[in-house]
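All ligand and atom numbering here is 1-based and tracks the order in the structure.
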Amino acid sequence: MAERVKVLFSEKEVDARIRQMGEQISSDYKGKKLHLICVLKGGSFFMCELAKYITVPVTIDFMSVSSYGGDTKSSGIVKIIKDLDESIKDKDVLVIEDIVDSGRTLNYLFELLKQRGPKSLTLCTLLDKPDGRTVGVQVDYTGFEIPDKFVVGYGLDYHQLYRNLPYIGTVELD
Ligand code: IMP
Ligand code: MG
């Protein structure tokens, strides 16, 4: 099936918003060190940009989880593909995600990370689709709230494609 991508947030809009988020996070964590956990693969582009705008000392780690499901919806069955390299015990941890939709992936991940004894645990997502929510998740920092449409770019994929788009677009199926 052919698809087209329609710009939802331009590169300029995304960059401006990420800068604001970085400033907000820097002010909230003033005097502390921040441990960023990037949820692969989608969160990687966002984390790299965001981290440049954070002025408190930052360390980073990566985790890869997969939610099995159909094409565009997660099933709630989450599997760890790659675990963290370092302990998060007693650290101020900020999880970086590309998008929260049903909330299932993050809900699972947060329960798991809480058991490892971080000093604090918060969530930052580039995009939030509140209409898709089926499980409660507390989102501490949101880039943009979007309607229940499938989006790509800035790390987000459709069949593994389009992650490298420097903007966020909706996928229109012909
Ligand atoms: P959740 O478990 O339903 O919240 O789904 C979260 C995961 O589903 C995200 O981390 C994405 O990998 C994927 N996802 C949800 N909505 C979209 C979308 O619009 N575009 C691309 N991936 C999406
Ligand atoms: Mg993701």
- Message: Residue-level breakdown please: for Glu97 versus ligand 1, do any non-hydrogen atoms fall below 4.0 Å on the side chain, on the backbone, on both, or on neither?
- Response: side chain
- Item | Residue portion contacting ligand 1 (non-hydrogen atoms closer than 4.0 Å) for Leu156 |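 The side chain, only.
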- State whether the number of non-hydrogen atoms from other residues, nucleotides or ligands found under 6.0 Å of Lys82 atom NZ is greater than 12.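 Yes, enclosed.
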- Query: If you draw a 6.0 Å radius around CZ in Arg116, do more than 12 non-hydrogen atoms from other residues or ligands fall strictly inside?
  - Reply: yes
- Is any side-chain N of the basic residue among Asp98 and Lys41 closer than 4.0 Å to the acidic one's carboxylate O? no
Please name the pair of heavy atoms, one in [X] and one in [Y], separated by the smallest distance, quoted to 0.1 Å.
X     : Y     : result
Glu49 : Ile18 : C-CG2, 3.9 Å
Asp61 : Glu86 : OD2-N, 2.9 Å
Leu8  : Glu13 : O-OE1, 4.1 Å
Tyr29 : Val56 : O-CG1, 3.4 Å

Number the atoms of ligand 1 from 1 as they appear, then name those within less than 4.0 Å of a heavy atom of [X], with their elements.
X      : answer
Ser102 : 1 (P), 2 (O), 3 (O), 4 (O)
Lys149 : 19 (O)
Lys129 : 16 (N), 17 (C), 18 (C), 19 (O)

Within less than 4.0 angstrom of ligand 1, does [X] place any heavy atom?
X      : result
Gly42  : no
Asp157 : yes
Arg133 : no
Val152 : no

- Do any N/O atoms on Phe150 end up under 3.5 angstrom from N/O atoms on ligand 1? no
Nearest candidate to [atom], where distance is taken over non-hydrogen atoms, out of [options]:
atom                    : options                        : answer
atom 6 (C) of ligand 1  : Val65, Leu40, Thr105           : Thr105
atom 20 (N) of ligand 1 : Val151, Ile168, Leu127, Val171 : Val151
atom 13 (C) of ligand 1 : Asp128, Val39, Ile99           : Ile99

- Item | Donor-acceptor pair, side chain of Thr142 and main chain of Phe144, under 3.5 angstrom | no
- Message: Contact between Asp28 and Tyr141 at the side-chain level, heavy atoms closer than 4.5 Å - yes or no?
- Response: yes
